[in-house]
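Chain A is the first sequence line, chain B the second, and so forth, proteins listed ahead of strands; every chain is numbered from 1.
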Amino acid sequence: MSEHDTVTEDYAQRERPLFEAWREGGYFQRTPGFGSEAGTSYTIVIPPPNVTGVLHMGHALNDTIQDACIRRARMRGMQTRWILGTDHAGIATQTKVDKHLAEQGINRREIGREAFIEACQDWRREYGTTIVNQIATMGCSCDYAHEQFTMSPEFSRAVRRLFVDWYHDGIIYRGKRIVNWCPSCTTAIADDEAEYEDEAGHLWHLRYPLSEPVDGVEYLVVATTRPETMLGDTGVAVNPKDPRYANLVGHTIELPIVGRTIPIFADFYVDSEFGTGAVKVTPAHDPNDFAMGERAGLEKINVFDETAHVVEGYGAFSGMSREEAREAVVAEFERLGLLDHVEDHDHSVMHCYRCHSTLEPWLSEQWFVSVDTLKGPAAAAVESGRIAFHPERWSQVYLDWLANLKDWCISRQLWWGHRIPMFYCDACGWSDACMEDVRTCPECGAPARQDEDVLDTWFSSQLWPFATQGWGDYGADAPELVKHYPTQVLSTARDIMGLWVARMVMASEYCTGQIPFEHVIIHPTVMGADGKPMSKSRGNGVDPVELMREFGADGMRFGLLTQVTGAQAMRFDRQKIEAARNFANKVRNAARFVLMHMDGYTPGVPTLSTAADRWIFSRLARLVRAVDAAYESFDFGEMTRELYGFFWNELCDWYIEFSKSRLAEDAPADDKLACQRNLVHVLEVAIKLLHPVMPFITEEIYQDMPKTADAARMLIIAPWPDADALATFIDDDAERAVQMVCAVVGAVRSARARYGISPKTLLDVHVKAEPADCALLEQQRGLIESLARTSELTIASDADKPAGSSAALAAGIEVYTVLAGHVDLDAERARVRKELDRATVDAEKLRRKLGNEGFLSKAAPEIVQKDRGRLAELDDTIAKLQGQLADLG
RNA sequence: GGUCGCGUGGCGCAGCGGGAGCGCAGGUGCCUUACAAGCACAAGGUCGCAGGUUCAAAUCCUGCCGCGACCACCA
């Protein structure tokens with residue numbers, strides 16, 4: 001019973017050498033191009049993964065899509081290059097290194113900036129190759145020889161150049177603003193880097209005593225979710241139209257605990273419906289309060305330090321964390337009899353997208369990019385259609401994002417990143433943004449110092465498409481850019497649409513005067529099997545490296561693409577990967593079959609001597625068209641479905657079966673050769689079409705195939721099939737003939753299965769069809785005989801139903817299988833009756849439709865015609881089935 | 001609050017105005033010399049609900065229900 005051992009395979013061992021062969025062949029660098037597309041450049045920039053990151057399913061899908069695009073372009077003869085590189089990922093990397101150092105008892109501040117950056121570099125040297133190796137394991141045909149890095153010297157010059165240019169153009173400015181402060185990372189982060197989460201909280205109602213009673217009123221109740229910030233309150237706001245408080249506006253409050261006298265003022269921002277209609281205003285710790293404070297001219301008092309502990313000057317509260325301060329403040333209000341009441345209240349709270357700490361709106365000096373002049377050209381690029389999104393609807397998301405864009409805080413209080421190239425002279429007040437470091441003040445000669453902050457990682461990421469091609473040193477005239485810019489395709493997930501995609505367009509328009517890419521593919525987000533986003537905490541994540549080990553890179557790639565739809569999310573389905581692995585296996589076996597029957601083969605043009613030959617070439621021609629169309633509309637799911645159906649259901653299920661008798665040892669030599677050549681040709685075209693998705697197995701097969709002297713050495717640069725040239729093979733007659741053959745074979749197999757007749761038992765079969773179809777079928781007699789395993793095959797337009805036979809109707813022909821006594825007539829009668837019922841219902845429906853005046857007068861004539869034909873067919877079928885029933889008694 | 005996506009056989013999905021399909025799982029029979037990770041055959045769905053447009057609706061429109069994402073955010 002050991003017949004079917006589980007098949008295990010070492011995919012890495014099979015795939016790695018092929019990858020090395022591609023690399024050594026130089027195909028990963030910009031290809032020279034050939035054929036009619038030789039002059040066309042085709043470039044993709046990879047969304048740079050974090051340098052210390054590891055491959056996740058999002059990368060796996062995204063990189064598969066890009067590799068499919070670039071490989072097809074390469075095979076079409078274009079000058080391709082897929083630019084590879086990694087992102088220094090400021091906060092992410094710094095957080096990791098911080099943690100690593102902490103484990104050794106080292107604090108970043110103790111060792112200082114330079115030593116820390118060195119530690120980051122060490123970290124990068126150690127882990128920076130991981131993800132690139134994983135991308136290689138996938139078989140991605142990136143330009144590994146010219147790997148980029150967002151903190152390489154060249155890239156750094158580009159970043160610096162943009163900062164200096166923007167600074168001198170007045171696009172970059174400095175300001176004291178409320179920013180989202182992460183007290184754990186101790187840095188500002190951008191608005192779109194903050195994540196909101198709903199949390200159960202409370203609405204504390206606090207009594208704020210008036211300095212003097214007004215009309216007998218002694219205090220005012222304010223509602224707040226953050227009582228601890230009251231330490232920094234500098235006012236209380238009410239809506240100017242709120243009659244409850246009209247008499248209080250202009251009076252003052254004695255702020256409890258702090259003893260500060262603060263004004264009651266009116267501002268339309270206040271919603272009278274919410275809480276008590278009176279809002280405590282903390283300009284330094286809330287963006288809306290900041291805005292009101294500006295309007296009312298309030299003081300802005302920071303009560304937290306950079307780690308969100310209460311600053312000096314607040315007595316016992318000083319030094320407390322936010323959480324401690326909250327408790328203490330509430331307790332103190334209670335003690336003073338000023339805690340009115342507490343309500344439950346859910347509200348959304350901002351968290352750091354990196355470390356997940358609760359963010360603190362914090363007043364600080366930061367650098368900003370003014371987006372006013374940048375957003376226009378970026379919107380126009382999409383509105384004009386110069387940049388196309390796929391699916392198209394994402395362009396709306398893009399445009400909406402731009403329309404609502406606010407100035408971008410680009411300074412980060414980190415050490416790992418591009419240090420802001422601003423230089424200051426404390427002696428004379430000189431300052432400027434400079435390309436070269438400035439040690440002494442050019443005005444007064446005093447020592448100059450550089451800004452301590454670094455730039456937001458996205459500030460450098462936005463330069464990716466052109467800084468990787470020489471912009472930093474040569475500007476828009478860089479030779480690479482002149483020849484190969486804009487790039488063709490950018491593929492990414494939708495969550496960085498604004499963060500990255502839009503910013504690249506803005507920066508590119510500014511720096512190069514061009515769009516950065518022509519097509520933006522927004523692929524669906526890969527969700528876990530449970531339909532929820534993959535995450536460590538949920539435990540629904542899947543490791544692509546693990547998948548590749550189990551199913552091969554080809555299996556993973558194909559399986560992922562089959563799941564791509566136009567929707568915004570796809571639920572990861574392991575079975576799809578398994579099915580893809582099985583498909584890869586099927587392809588390999590099909591190839592093995594072909595290569596196993598090569599004796600006597602000599603290369604030559606295909607000879608389409610049989611209907612089966614003409615059929616498979618016709619199907620192949622349609623396949624090339626369909627695959628091309630799917631690529632052009634970026635419909636990768638459709639593309640894989642087409643390939644799957646062709647390989648499995650047409651080539652393997654039928655054509656290879658058709659071929660078996662022709663390849664037998666005693667078969668006629670010339671027909672055998674024709675069949676061999678056809679198989680080789682079809683297989684070669686098919687594996688070319690499949691190569692962009694399943695590069696390894698197709699290359700492996702190609703290497704084993706017989707090739708002519710002028711053939712490409714490797715499949716990776718073999719010419720892509722020409723749909724127009726193949727179109728001449730489309731042959732409706734041949735497709736009809738094979739359709740009938742399949743119908744006959746299927747009918748006989750079905751009868752066998754129903755009555756448990758072994759394939760070894762030969763059966764008499766009678767086929768009745770139109771004369772023209774009879775002629776087509778007659779030519780396929782041999783095929784039918786071998787596939788249906790007949791003893792006697794009668795094909796005639798006037799064939800009779802033999803006694804004791806099972807009848808089947810398919811493809812407009814009647815197939816009678818003589819069952820010679822094996823038949824359970826009752827079962828056969830029941831089956832026919834069921835079929836008859838179904839046909840009768842269908843015919844009734846159609847008859848009603850065709851009896852409808854409205855339909856006859858308004859429907860397109862060809863539709864009416866078609867339905868009349870269908871009804872006639874159905875009536876015919878019904879008559880035949882009734883005849884069969886009568887025959888069966 | 002705004003924008004968008006999705007609800008089709010047990011599961012995952014395709015189809016997106018004129019005959020309900022695919023893959024997987026499950027059923028039956030097969031180790032047929034390319035493949036048991038396979039082959040053959042059969043079974044399985046009133047296409048979320050309610051209206052509307054149309055001669056014709058899974059497909060278009062409206063509303064509702066359910067799931068989900070993104071953006072904004074009221075202390």
> Which listed nucleotide (B/G23, B/C4, B/A34) is nearest to the side chain of A/Ala590?
Replying inline: B/A34

>> Any base atoms under 4.0 Å from A/Lys406, or only sugar-phosphate, or nothing? Heavy atoms, all strands.
In response: sugar-phosphate

> At under 4.0 Å between heavy atoms, what does A/Ile656 touch on the DNA or RNA strands: base, sugar-phosphate, or nothing?
Replying inline: base

> Does RNA chain B take part in any stems of at least 3 consecutive Watson-Crick or G-U pairs (both distances under 3.5 Å), and if so, which ones?
Replying inline: B:1-7 with B:65-71, B:10-13 with B:21-24, B:27-30 with B:38-41, B:48-52 with B:60-64

> Using a cut-off of 4.0 Å on non-hydrogen atoms, how would the nucleic acid contact of A/Val270 be classed: base, sugar-phosphate, or nothing?
Replying inline: base

> Hey, does A/Gln563 reach any base, or is it just sugar-phosphate, or nothing, if we go heavy atoms under 4.0 Å?
Replying inline: nothing

> When all nucleic acid strands are considered with a 4.0 Å heavy-atom cut-off, which category describes A/Arg226: base, sugar-phosphate, or nothing?
Replying inline: nothing

> Among B/C70, B/C13, B/A34, which is the nearest nucleotide to the side chain of A/Arg571?
Replying inline: B/C13

Filtered N/O pairs between nucleotides 19-22 of chain B and protein, under 3.5 Å:
unit_1, atom_1, unit_2, atom_2, d
B/G19, O2', A/Arg870, NH2, 3.4
B/G19, N3, A/Arg870, NE, 3.1

> With a 4.5 Å limit on heavy-atom distance, are the side chains of A/Leu663 and A/Leu679 in contact?
Replying inline: yes

>> In whole Å, measure the gap between the P atoms of B/U33 and B/G17 for me.
In response: 48 Å

>> Applying side chain to side chain donor-acceptor pair (under 3.5 Å) as the test, list every pair that has at least one member in residues 557-571 of chain A; sequence neighbours left out.
In response: A/Asp67-A/Arg557

> Which listed nucleotide (B/A75, B/A34, B/U3) is nearest to the side chain of A/His597?
Replying inline: B/A34

>> Side chain of A/Gln568, heavy atoms from C-beta onward: which of B/C13, B/A69, B/A75 has the nearest atom to it?
In response: B/A69

>> Taking the minimum atom-to-atom distance to the side chain of A/Ala567, which one of B/C6, B/U3, B/A37 wins?
In response: B/C6

>> Can you see whether A/Trp654 has A/Arg619 sitting over its ring - NZ or CZ less than 6.0 Å from the centre and within 45° of the normal?
In response: no

>> Let's test your reading of the model: under 3.5 Å, does the base of B/A37 pair with the side chain of A/Glu550 as donor and acceptor?
In response: no

> Nearest to the side chain of A/Arg592 - B/G12, B/A14, B/C35?
Replying inline: B/C35

> Sequence neighbours excluded, which residues qualify as ring-ring contact (aromatic ring centres under 6.0 Å, His included) partners of A/Phe558?
Replying inline: A/Phe583

> So what does A/Phe647 touch, heavy atoms closer than 4.0 Å: a base, only the sugar-phosphate, or nothing?
Replying inline: nothing

> Side chain of A/Lys532: nearest nucleotide among B/G68, B/C4, B/A14?
Replying inline: B/G68

>> Side chain of A/Gln575 only, heavy atoms from C-beta on: which candidate in B/C4, B/A75, B/C24 is closest?
In response: B/C24

>> A/Phe572: which residues meet the ring-ring contact (aromatic ring centres under 6.0 Å, His included) condition with it, sequence neighbours left out?
In response: none

Dump the pairs, protein N or O against N or O of nucleotides 39-43 of chain B, anything under 3.5 Å, distances to one decimal.
unit_1, atom_1, unit_2, atom_2, d
B/C39, OP1, A/Lys586, NZ, 2.8
B/C39, OP1, A/Trp648, NE1, 2.6
B/C41, O3', A/Ser750, OG, 3.3
B/A42, OP1, A/Ser750, OG, 3.1

